[in-house]
Novice: 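I have a structure here, written as C-alpha cells, and I will follow up with some questions on it.
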Amino acid sequence: MVGISTFQADVSTPDGVGVVVRTVVEQYGGVDILVHNVGGSSASAGGFAVLTDEDWQRELDLNLMAAVRLDRGLLPAMLKQRSGVVIHVTSIQRMLPLYEATLGYAAAKAALATYSKGLAKEVGRRAFE
C-alpha cells in the first residue's frame, strides 16, 4: 500500500528523529525505502576560523547524525524482513569543499559518504544470510 502523509520534525535532533520513526512505524509499520536527502548549512562565511564548536555540531547533527539516527530507528525492521533500500544523498562538496562558507557542511557530507560505505558493507551482506 502506498501512503502519503506529512508531518513536521527537526531531524537534526534525536527527538525529531524519534518523531519521524514513531510516526512512520505507527502509520505504515516501517519502510521499504529510506531516502535521506536532508542537508544544508547556516554557517557564516569566513572559513575555518569563524566556525564555532556550535557551528560544527549543527553541521554534523543535520548532515550526518540525522542519517545515522534514522538508520538506527528504521533499518532494523528492514533487516528483519530481509528487504529494503537505504539511500543517503551527500554533496559534491564532500570532495570539493567551499571552504569560505561551508567547510563544516563539506566535512559532514564527507563523513556521511564514508558512513554510508561502511553501513553498506556491514548490513548489505545480511540480506544474503
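No experiment lies behind these values; they were computed from the predicted model shown.
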Novice: What residues form a side chain to side chain donor-acceptor pair (under 3.5 Å) with Glu54, not counting sequence neighbours?
Specialist: Thr52
Novice: Linking I/L/V/M/F/W/Y whenever their side-chain heavy atoms sit closer than 4.5 Å, directly or via other members, would Val20 and Val25 fall into one cluster?
Specialist: yes
Novice: Tell me every residue that passes side chain to side chain donor-acceptor pair (under 3.5 Å) with Arg58, counting only those two or more places apart in sequence or in another chain.
Specialist: Ser42, Asp55
Novice: May I have the step-by-step check of side chain to side chain contact (heavy atoms under 4.5 Å, CB included) for Val123 and Met78, ending in yes or no?
Specialist: CA-CA 10 Å; Val123 302; Met78 288 183 195; over 6 Å; no
Novice: Could I get the full list of side chain to side chain contact (heavy atoms under 4.5 Å, CB included) partners for Ser91, not counting sequence neighbours?
Specialist: Gln93, Tyr105, Lys109
Novice: Taking the side chain as everything from C-beta on, heavy atoms only, tell me whether Asn63 gets closer than 4.5 Å to Leu112.
Specialist: no
Novice: Mind listing the closest non-hydrogen atom pair of Gly16 and Ala9 along with its distance?
Specialist: O-CB, 3.5 Å
Novice: Residues in side chain to side chain contact (heavy atoms under 4.5 Å, CB included) with Thr23, at least two apart?
Specialist: Phe7, Val19, Gln27
Novice: Got a sec, which hydrophobics cluster with Leu51, joining ILVMFWY side chains under 4.5 Å apart, including via others?
Specialist: Phe48, Trp56, Leu103
Novice: Applying side chain to side chain contact (heavy atoms under 4.5 Å, CB included), name anything that partners Asp10, two or more places apart in sequence or on another chain.
Specialist: Ser12, Thr13
Novice: Between Gln57 and Asp61, is any side-chain donor less than 3.5 angstrom from a side-chain acceptor?
Specialist: yes
Novice: Excluding sequence neighbours, so at least two apart, what forms salt bridge (Lys or Arg N to Asp or Glu O under 4.0 Å) with Arg94?
Specialist: none
Novice: State yes or no: do Val50 and Leu60 share one hydrophobic cluster built from I, L, V, M, F, W and Y residues joined by side-chain heavy-atom distances below 4.5 Å, directly or via other members?
Specialist: no
Novice: Would you say Val35 ends up clustered with Leu74 if hydrophobic residues are merged whenever their side chains have heavy atoms under 4.5 Å apart, either directly or through other cluster members?
Specialist: no
Novice: Between Leu119 and Val38, is there a shared hydrophobic cluster once you connect ILVMFWY residues whose side-chain heavy atoms come closer than 4.5 Å?
Specialist: yes
Novice: Is atom CD1 of Ile33 surrounded by more than 12 heavy atoms (other residues, nucleotides or ligands) closer than 6.0 Å?
Specialist: no
Novice: Where do Ala43 and Glu59 come nearest, in terms of heavy atoms and distance?
Specialist: N-OE2, 3.9 Å
Novice: Table please: side-chain donor-acceptor pairs of residues 83-90 below 3.5 Å, with sequence neighbours left out.
Specialist:
unit_1, atom_1, unit_2, atom_2, d
His88, ND1, Ser116, OG, 2.6
His88, NE2, Asp71, OD1, 3.4
His88, NE2, Asp71, OD2, 2.9

Novice: What pairs of residues pass the side-chain hydrogen bond (donor to acceptor under 3.5 Å, both in side chains) test when at least one of them lies in residues 30-39, not counting sequence neighbours?
Specialist: Asp32-Gln81
